[in-house]
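Small disclaimer: the values here were computed from a predicted structure and weren't measured. A note on names: the letters A, B, ... follow the listed sequences, proteins ahead of strands, and every chain is numbered from 1.
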Amino acid sequence: MRKTLLIICFFCAQHMGAQEVLTQEEEQAFKQEVIQNAKETQTIVSDFVQYKHLSFLNNDIETKGKLVFMAPSKIKWEYTDPYEYSAIFKEDKLYINDGGNKTNIDIGSNKMFKSFNKLIVNSIKGDMFDENEFSISYFKTTEGYLVRFVPKDKTIHEYISSFELTFIKGIADVSEVRMIEPSEDYTRIVFENKKLNTTVSNAVFDH
Amino acid sequence: MRFLIISLVVMGTVSSCALKTTKDLIEVTPTQEFYVNPYFSDSNQDYVYKTKIHLKDNFFGGLLVFKKIGSDQHRVVFTTDFGNKIFDFELQGSTFKTHFIIEPLDRSFIVKTLVRDFQMLTQEKFRIAKNFKDTTYLVHQSKQKNRRNHHFVHQETNKLERIINTTATKEKVIVTYSGIDKTSAEIIKIEHQGLQLTIDLFYIQN
């Protein structure tokens, strides 16, 4: 029994060790780099893979697609596999095309949607460092950095208990977003082939 | 003449009350005590469906997930395409537990309707009250609280192709299965007769 406990403690220590807390100086330098990078980012084009983790499933639900972002706040999420679905956020509206079924949602009139849209934009760019909205903690990992944002807004907290953004070392750019629910189920979005500041046509955001 | 009029009125009343579902079928003596619904019955399988919901003029999309987690016990979760959970129910027999539901949907009528649909889809064992048949189908009628379920099983393939949920006189919900495998159907359509509510499910390999 004692041996088992020792083994468990060892593995816990290993796991915690993989996430070392940043010093204040490191935190400031990292933050500055990300904010600067977010300011310079005019467009993002990236493939993504989304994993929905539900504790009772054998496998995470995997969906794939393409993301296009244009500053200040136009976003298109286009799912292509295993089905076609697109969501365009522009000018306080959300335009959905669900395999031919088109709908519009007025985000401006919906506080919840407005908060989520802001979170989506900021999480793609990485710039979510608003201490009024989140309790933020910074960690160094073997691959780079992990920043955990815990929403202070009670309504958001009922849906998402924390956001985790992963940054690869040397690139002040988000490589992975994880949205963790109070139940500990989560959605993980991994960006691949991410290209910054390439030319993007406005027509991409046509509905 | 008076007798004829009374007879016609009585006949008219009886036939208008007769259940459409079994009206043209012949009642036969049941040969088994239970009917076992094969779908959603494999606990090793994740059943994930792209889902399209039409309610009157409104449309909602997302993913509906079914998982058998125990004997006669299922978890049913609906998420948006972005992965945000809309509701999360655990069903066991005729009882259920809500793990999560977004506030706008947390109304007893909505929860009751959804849970009844999911119980109809996931419940495995139905005690047969009556059997009916025509040239194509053998129909197992069973009771579910104050409703009745009618499982339409194709006589040649032995596959469950339809469930019609009724009151004593009216059809309430029609479930149609297509692209049928042993324990799953690729396409499931749920049509609520009085509510202008249709739910279409398309199986996604997971």
Side-chain angles (χ1 to χ4, degrees), chain A residues 48-65 67 75 77-87 89 94 96-105 110 112-113 116-117 119-120 123 155-156 158-161 177-189, chain B residues 40 42-70 73-91 97-106 186-187 198-206:
Chain A
F48 69 85
V49 184
Q50 178 179 300
Y51 302 90
K52 180 66 195 173
H53 175 83
L54 296 168
S55 60
F56 57 87
L57 289 184
N58 294 351
N59 301 302
D60 290 351
I61 304 165
E62 200 177 310
T63 42
K64 291 176 186 172
L67 165 89
I75 302 174
W77 292 91
E78 188 176 18
Y79 294 77
T80 51
D81 184 28
Y83 57 87
E84 288 184 3
Y85 172 93
S86 72
F89 293 86
L94 168 60
I96 293 172
N97 184 347
D98 194 342
N101 293 100
K102 290 186 176 184
T103 46
N104 307 334
I105 298 169
N110 187 320
M112 189 72 184
F113 257 120
F116 268 114
N117 188 38
L119 286 174
I120 290 165
S123 65
T155 318
I156 294 178
E158 278 175 31
Y159 296 86
I160 309 281
S161 60
V177 179
R178 193 185 287 245
M179 290 173 278
I180 302 155
E181 298 165 16
S183 65
E184 292 188 355
D185 287 336
Y186 60 82
T187 307
R188 184 164 77 100
I189 299 170
Chain B
F40 305 111
D42 183 354
S43 57
N44 292 316
Q45 197 176 333
D46 299 336
Y47 298 94
V48 182
Y49 286 85
K50 169 66 186 154
T51 300
K52 296 184 174 192
I53 302 172
H54 288 93
L55 176 61
K56 292 180 183 166
D57 294 329
N58 299 303
F59 171 79
F60 314 93
L63 295 172
L64 192 58
V65 182
F66 297 85
K67 178 78 178 178
K68 184 176 178 179
I69 54 168
Q73 193 177 9
H74 288 79
R75 199 80 178 256
V76 184
V77 174
F78 184 54
T79 75
T80 65
D81 295 273
F82 288 108
N84 308 96
K85 231 179 251 175
I86 304 294
F87 58 73
D88 178 351
F89 297 124
E90 187 174 325
L91 313 175
K97 181 179 171 186
T98 305
H99 287 281
F100 179 80
I101 187 160
I102 60 167
E103 197 278 328
L105 290 186
D106 196 6
E186 275 183 16
I187 300 171
T198 306
I199 304 172
D200 291 293
L201 309 179
F202 306 91
Y203 183 68
I204 295 172
Q205 193 69 42
N206 200 39

What is the distance from atom [atom1] of [X] to atom [atom2] of [Y], rounded to the nearest 0.5 Å?
| X | Y | atom1 | atom2 | answer |
| --- | --- | --- | --- | --- |
| A/K52 | B/L63 | NZ | CG | 10.0 Å |
| B/D81 | A/I61 | CG | CD1 | 10.5 Å |
| A/N101 | B/I53 | CG | CD1 | 12.0 Å |
| A/E62 | B/I204 | CD | CD1 | 11.5 Å |
| B/T80 | A/Y85 | OG1 | OH | 6.5 Å |

Is it the side chain or the backbone of B/H54 that comes within 4.5 Å of chain A heavy atoms, both, or neither?
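For B/H54, side-chain heavy atoms alone lie under 4.5 Å from chain A.
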Let me know if B/I102 has heavy atoms under 4.5 Å from chain A in its side chain, its backbone, both or neither.
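Both parts, backbone and side chain.
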Any donor-acceptor N/O pair, A/N58 side chain to B/N44 backbone, under 3.5 Å
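Here the side-chain-to-backbone pair exists.
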Interface moiety of A/L54 toward chain B, non-hydrogen atoms closer than 4.5 Å
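For A/L54, the side chain is the part near chain B, not the backbone.
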What pairs with A/Y51 under ring-ring contact (aromatic ring centres under 6.0 Å, His included), at least two apart in sequence or on another chain?
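Partners of A/Y51 by the ring-ring contact (aromatic ring centres under 6.0 Å, His included) criterion come out as none, since no residue qualifies.
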Quick check with a 6.0 Å cut-off and a 45 degree axis cone: is B/K67 positioned over the face of A/F56's six-membered ring?
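No, cation not above the ring by the 6.0 Å, 45° rule.
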Just wondering, do A/D98 and B/K50 contact through their side chains at under 4.5 Å, heavy atoms?
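A side-chain contact exists here, since the closest heavy-atom pair is under 4.5 Å.
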Given side chains that start at C-beta, do those of B/N84 and A/I160 come closer than 4.5 Å, heavy atoms only?
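When only atoms from C-beta onward are counted, A/I160 and B/N84 do touch, with a gap below 4.5 Å.
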Is the number of heavy atoms from other residues, nucleotides or ligands under 6.0 Å of B/E186 CD greater than 12?
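Atom CD in B/E186 is not crowded, with 12 or fewer foreign heavy atoms closer than 6.0 Å.
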Is the NZ atom of B/K52 crowded by more than 12 outside heavy atoms at less than 6.0 Å?
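Correct, the count exceeds 12.
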List the steps, then state whether side chain to side chain contact (heavy atoms under 4.5 Å, CB included) holds for A/D185 with B/K85.
CA-CA 9 Å; A/D185 287 336; B/K85 231 179 251 175; 2.6 Å; yes
How close do B/G83 and A/E181 get, heavy atom to heavy atom, and via which atoms?
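Where B/G83 meets A/E181 most closely, the heavy atoms are O-OE2, 3.8 Å.
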Do the ring planes of B/F82 and A/F89 sit parallel (below 30°), tilted (30 to 60°) or perpendicular (above 60°)?
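Rings of B/F82 and A/F89: tilted, 30 to 60°.
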